[in-house]
Amino acid sequence: MSQVWRLLVMLALLPVAMAFAGVSASEIGQNRQTVRIGILTFAERSDTLSAWQATADYLARQTGHGIRIEPLTPSELDRQVKARALDFIISNQFVAVGYKKDWGASQLLTLIPADGRDPARAMGSALVVRAGAPVTRWQQLAELNIVSTDPRAFGGFLIFAGEMVRRGLDPVADLPGLTFEGFPQTKLLQKLWLHEADMAILPACVLEQAIARGEYPEGAFDIALAKSTPGFACGVSSELYPYTALSKLGHTKSALATEVARALLSMDANTAAAVTGGYRGWSVPVNDNRVFALKHTLREWPFQTNWQRVASAAMPWFGAIVLCLLLGYLHHLRIKRLVVKRTRALETEIEQHRETQRAFNEQQRQFYRAQRVLLTGEMASGISHELKQPLAGIRYLAQGCLYRLKDHEPEIASALGGVLTQVDRAQETISRLRSFCQQPSRSVPYRVDTLIEETLALISPELKRLKLEPSLTLAEVEARLDPGLMTQVLVNVLLNALDAMAGQPTPWLGISLETTDSGCLIRVSDNGCGLTEAQLSRLFFPFESAKADGLGLGMVICKRIVEEHGGKISAHNRFDAPAIAPQIESSPSGLEICIEMPLGAEND
């Protein structure tokens, strides 16, 4: 029972313990979180941390959250804000206003100085010189060695730069002796004291605070170009601006900002946090119009584009564009290389085609030359055949006249003898011409189907002219033949077939090669005009032609060549023969040439 009573007593005393700790019962149920507060500092980091740690402890007790403060220089503060590593910042008004655009900062509270200055008029620049220094005009500053902490120090350099610009002076170009010494600010007074500088740019009241701490004797320094500022206890050389501000960043939740602002507004001037921090308390935000006016004077945002931030934001896009351009250029080089490569290949192919065309033309010329030789031979044979009979008749008649002449007519006998001599000479001349024009054949083993394909390639221009694609049924057959002479036969037969189909709307040419018991059979069929029975009966007679300009020797040549190979050639109209092409059975016209060839033997 004693343990139960002890537990009840502890539960009863829990609200009292929480009250002493400054934490309400409702806050116990909330999730604690770490609140990150960045403090802009121009002093030693340890001094800033010790000054603001009591304020952090005060906020932790009031809100129930963990409070972490981080003293940061201007560049460090920029990096932390950009990385979203902070929830609140305590900084001068110039920096707070600058964070509004890019990071959504909004001012929550303004710090009240410990000496009771109006927080709306608490910041200014003091131009500190050694006592008795004769500085009465702003133009004299160009002749002095001036020291400042940092170009971004609000109460130091920035407010001073605004005063220079309003007077038509350039705070950099017109001050050749200006140097920035860094932090802390108190070391500027030391350089001035040691005669290492002629003037120091410091926030207002820094000099008075150093003298109050006994660091320097009273009257050792003066404020140059001092302004009259009623109600302001410190010497100042510029206009006055609002004091330090507490701002929340854009990603910080409004509920958290409300808790922090409520806790700081409830702070009393005698609270340990305020005493340690050197301030009296916090007030609602003051009017910051003068800060905007200073930014306008210095051409800072929002009155001038921050090109550094623009460049930083655009850098990924710029890199992507450069990468795309680079890839595009590499692709262009690849395409160019392929074009050059394929152009060379095309030029090589064109040259090969030209060589092939030249070879084909030379082959055609040789073919036509051989054809003319054959034609001449056949003409000689025909002329010889036709002239031998009348010459024989002349001989017989002359010899008969000689037998009947009397001995007392020697002149006539001599003339008739001359006639016989000339007849013999004519017959001998004809025989020599026939022998000269005859072309001996040379038989070799050769594929007949290959010979047909080569012949079709030879007459391909004529096939293209008629837009004709021959129908081929070719077996693989090899025979002993003279390729040149047999090419003459096939060319003659095929050209005759093409001439016969000149008027056909849909010409058709069929070529088949098959084996037989005695050799092979070549069939060449067309759907041309065909021949009459009389023309068929005299097809292989010399000087018989169905063409108006034909000599009538082509088929005679074919017949002689085929018979010389031991074969035979025949022709008949297609309606007398079985149709080779079923698709044209409805058109029973045309001619079919059949060439029967023996295969031959090696010793033939």
message: Please give me the minimum heavy-atom distance between Cys205 and Arg117, naming the atom from each residue.
response: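 Reported closest heavy-atom pair: SG-NH1, 3.5 Å.
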
task: Specify the closest pair of heavy atoms between Val35 and Leu256, including all atoms of both residues, with the distance to one decimal.
output: CG2-CD1, 3.8 Å

Should we count [atom1] of [X] as having more than 12 external heavy atoms under 6.0 Å?
{"X": "Glu351", "atom1": "CD", "value": "yes"}
{"X": "Glu355", "atom1": "CD", "value": "yes"}
{"X": "Glu196", "atom1": "CD", "value": "yes"}
{"X": "Arg342", "atom1": "CZ", "value": "no"}
{"X": "Lys253", "atom1": "NZ", "value": "no"}

task: Ignoring hydrogens and angles, state whether a donor on the side chain of Ser125 or Tyr241 is under 3.5 Å from an acceptor on the partner side chain.
output: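 Ser125 vs Tyr241: no donor-acceptor pair found between side chains.
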
query: Can you tell me if Gln93 and Gln107 form a side-chain donor-acceptor pair at under 3.5 Å?
result: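 A donor-acceptor contact under 3.5 Å links the two side chains.
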
- prompt: So, does Ser50 use its side chain to make a donor-acceptor pair with the main chain of Asp47 at under 3.5 Å?
  reply: yes

query: Does Glu208 use its side chain to pair, donor to acceptor, with the backbone of Gly235 at less than 3.5 Å?
result: yes

Stepwise salt bridge (charged side-chain N to carboxylate O under 4.0 Å, His left out) test for Arg167 and Asp174: CA-CA 12 Å; Arg167 288 166 174 79; Asp174 291 340; over 6 Å; no

[X] versus [Y]: any side-chain heavy-atom pair under 4.5 Å?
{"X": "Val97", "Y": "Asp288", "value": "yes"}
{"X": "Asp198", "Y": "Val135", "value": "no"}
{"X": "Asp87", "Y": "His251", "value": "yes"}

- request: Answer yes if the ring centres of Trp52 and Tyr279 are under 6.0 angstrom apart, and no otherwise.
  value: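 Yes - the distance between ring centres of Trp52 and Tyr279 falls below the 6.0 Å cut-off.
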
message: To the closest 0.5 Å, what do you measure between CG (Leu109) and CG (Leu265)?
response: 4.5 Å

